[in-house]
Q: 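The structure follows.
Order of appearance sets the numbers: ligands from 1, and atoms from 1 within every ligand.
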Amino acid sequence: MKIHKTGVWAAAIVLGMGLASCSQGGTSGGGAASPADSAAAAACALATAEDPGNAPAPTNVPTADNAPALEQKDTYNVAFSQNASNNPWRLAETASMQETADSLGYQMTVTDANNDQAKQIQDVRSLIAQNPDMLFIAPMTEQMAPVVVEAAEADIPVVLLDRQVDESVAIPGTHFVTVISSDFVQEGKRAAVQMARATGGNAKIIELEGTTGSSPANDRKKGFDEMIAECDGMEIVASQDADFTRNKGQQVTETLLQAHPDVNAIYAHNDEMALGAIAAIKAAGKVPGEDIFVVSVDGSKEAVQAIIDGDLYASVQCNPEFGPAAFDVMQRYAAGEAIPTAIINEDIVYTADNAEAELANAF
Ligand code: AHR
């Protein structure tokens with residue numbers, strides 16, 4: 001990728017760049033910059049950039065004025081369609097929803113699609129047939145939009161959790177009330193900054209993508225690509241779907257490390273794939289955090305521990321605890337409040353600087 005000087009300076013301004021100190025990896029640890037560090041910084045502003053943080057809250061978001069209404073009642077029967085229960089993130093999300101429903105005294109029916117989109121479509125249809133007061137859906141991919149429309153046509157209000165659907169098919173504020181999620185593009189950008197810091201801006205990268213067609217896979221890739229485009233020395237040499245799972249993360253990494261023995265960086269769209277990648281790096285006789293730097297997204301307890309152990313460089317948090325926000329929105333919607341059609345969570349980044357302190361808070 002070519003350096004566009006103006007682009008580099010624009011990135012520096014957007015990132016609020018200071019000469020941030022780095023506690024590990026290819027950049028200096030806070031003392032005087034070495035000639036190598038200075039060269040890397042000159043080549044790539046990201047290598048010394050600070051974490052860009054959460055994106056500014058979106059303004060002028062339309063409100064949900066045309067979605068099915070929700071009556072105000074003392075208690076509710078709600079339903080939650082979960083797309084999988086194959087990783088700690090999904091389990092934490094379901095637990096958060098169940099705990100909040102229980103604390104409010106609401107009945108909640110939960111379905112688990114087992115990471116199978118055809119099953120999730122059937123799950124949602126069977127939940128629609130049960131006519132819940134409110135339907136929460138964590139859609140597997142953006143292609144779940146038509147069944148969201150079916151729920152609206154059955155006059156059931158829907159709130160989407162953690163992933164988007166195709167909004168040209170399911171119209172925000174009409175076919176669903178709102179989508180509550182992290183900003184996945186920003187997560188990709190934050191991961192790119194961590195990767196630049198780890199490698200000093202010189203990285204041959206394997207990218208482990210999440211489930212094809214899911215909004216976090218699309219947008220984490222987009223944000224990361226946009227950011228590393230500012231760095232001449234950062235290049236994705238292979239990018240492959242590993243379905244957000246540890247097993248596939250390990251298998252795909254094993255294969256790609258053989259094809260690309262010179263890689264020094266792995267960007268995984270979630271911690272499970274990163275933990276699989278770390279196992280593959282070790283099996284290949286290499287040292288994670290020395291030979292190959294790994295950066296991921298989620299902030300699971302096991303991933304934060306891997307940061308403490310030096311195996312994982314950083315993980316951008318994607319908080320799975322949706323229960324309080326989901327039921328708060330539901331109650332405010334029932335009370336007639338104008339609900340924005342997109343609600344964005346705020347997240348932190350786990351690095352060697354805060355991993356010990358944050359371990360207990362991770363899911
Ligand atoms: O939609 C959020 C993503 O889905 C999480 O990063 C991942 O772990 C989960 O499966």
Q: Between Arg90 and ligand 1, which part of the residue brings a heavy atom under 4.0 Å of the ligand: side chain, backbone, both or neither?
A: side chain
Q: What are the atoms of ligand 1, with element, lying closer than 4.0 Å to any heavy atom of Arg163?
A: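 Listed by number with element: 1 (O), 3 (C), 4 (O), 9 (C), 10 (O).
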Q: Quick check for you: to the nearest 0.5 Å, what is the distance between Glu272 atom CD and Ser300 atom OG?
A: 6.0 Å
Q: My understanding is that we take every heavy atom of each candidate and find the minimum distance to atom 6 (O) of ligand 1. Doing that for Asn270, Asp298, Asn86, which one comes out nearest?
A: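 Looking at heavy atoms only, the winner is Asp298.
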Q: Taking the basic N atoms (NZ, or NE/NH1/NH2) and the acidic carboxylate oxygens, is any pair closer than 4.0 Å for Lys222 and Glu187?
A: no
Q: May I ask you to say whether Lys282 pairs ionically with Asp311, meaning some side-chain N is under 4.0 Å from a carboxylate O?
A: yes
Q: Which of the numbered atoms in ligand 1 are below 4.0 angstrom from a heavy atom of Asn87?
A: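 It comes down to these atoms of ligand 1: 8 (O), 10 (O).
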Q: What part of Arg220, side chain from CB on, backbone N/CA/C/O, both or neither, has a heavy atom under 4.0 Å from ligand 1?
A: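 Looking at Arg220 and ligand 1, just side chain atoms fall under 4.0 Å.
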Q: Check each atom of ligand 1 against the heavy atoms of Pro216 and keep those under 4.0 Å away; list them by number with element.
A: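 Every atom of ligand 1 under 4.0 Å from some heavy atom of Pro216: 1 (O).
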Q: Find all atoms of ligand 1 within a distance of less than 4.0 Å from any non-hydrogen atom belonging to Asp162, and give their numbers and elements.
A: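 Result: 1 (O), 2 (C).
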Q: Mark the output for Met273 as yes if a heavy-atom distance to ligand 1 is under 4.0 Å, and as no if none is.
A: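 For ligand 1, residue contact (heavy atoms, under 4.0 Å) with Met273 is absent.
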Q: So which heavy atom on Val158 is nearest to which on His175, and how close?
A: CB-O, 4.2 Å
Q: Give the ring-plane orientation class for Phe224 versus Tyr267, where under 30° counts as parallel, over 60° as perpendicular and anything between as tilted.
A: parallel
Q: Of Asn270, Thr211, Thr212, Asn86, which is the lone residue that meets side-chain hydrogen bond (donor to acceptor under 3.5 Å, both in side chains) with Asp243?
A: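 By the side-chain hydrogen bond (donor to acceptor under 3.5 Å, both in side chains) criterion, Asp243 pairs with just one of Asn270, Thr211, Thr212, Asn86: Thr211.
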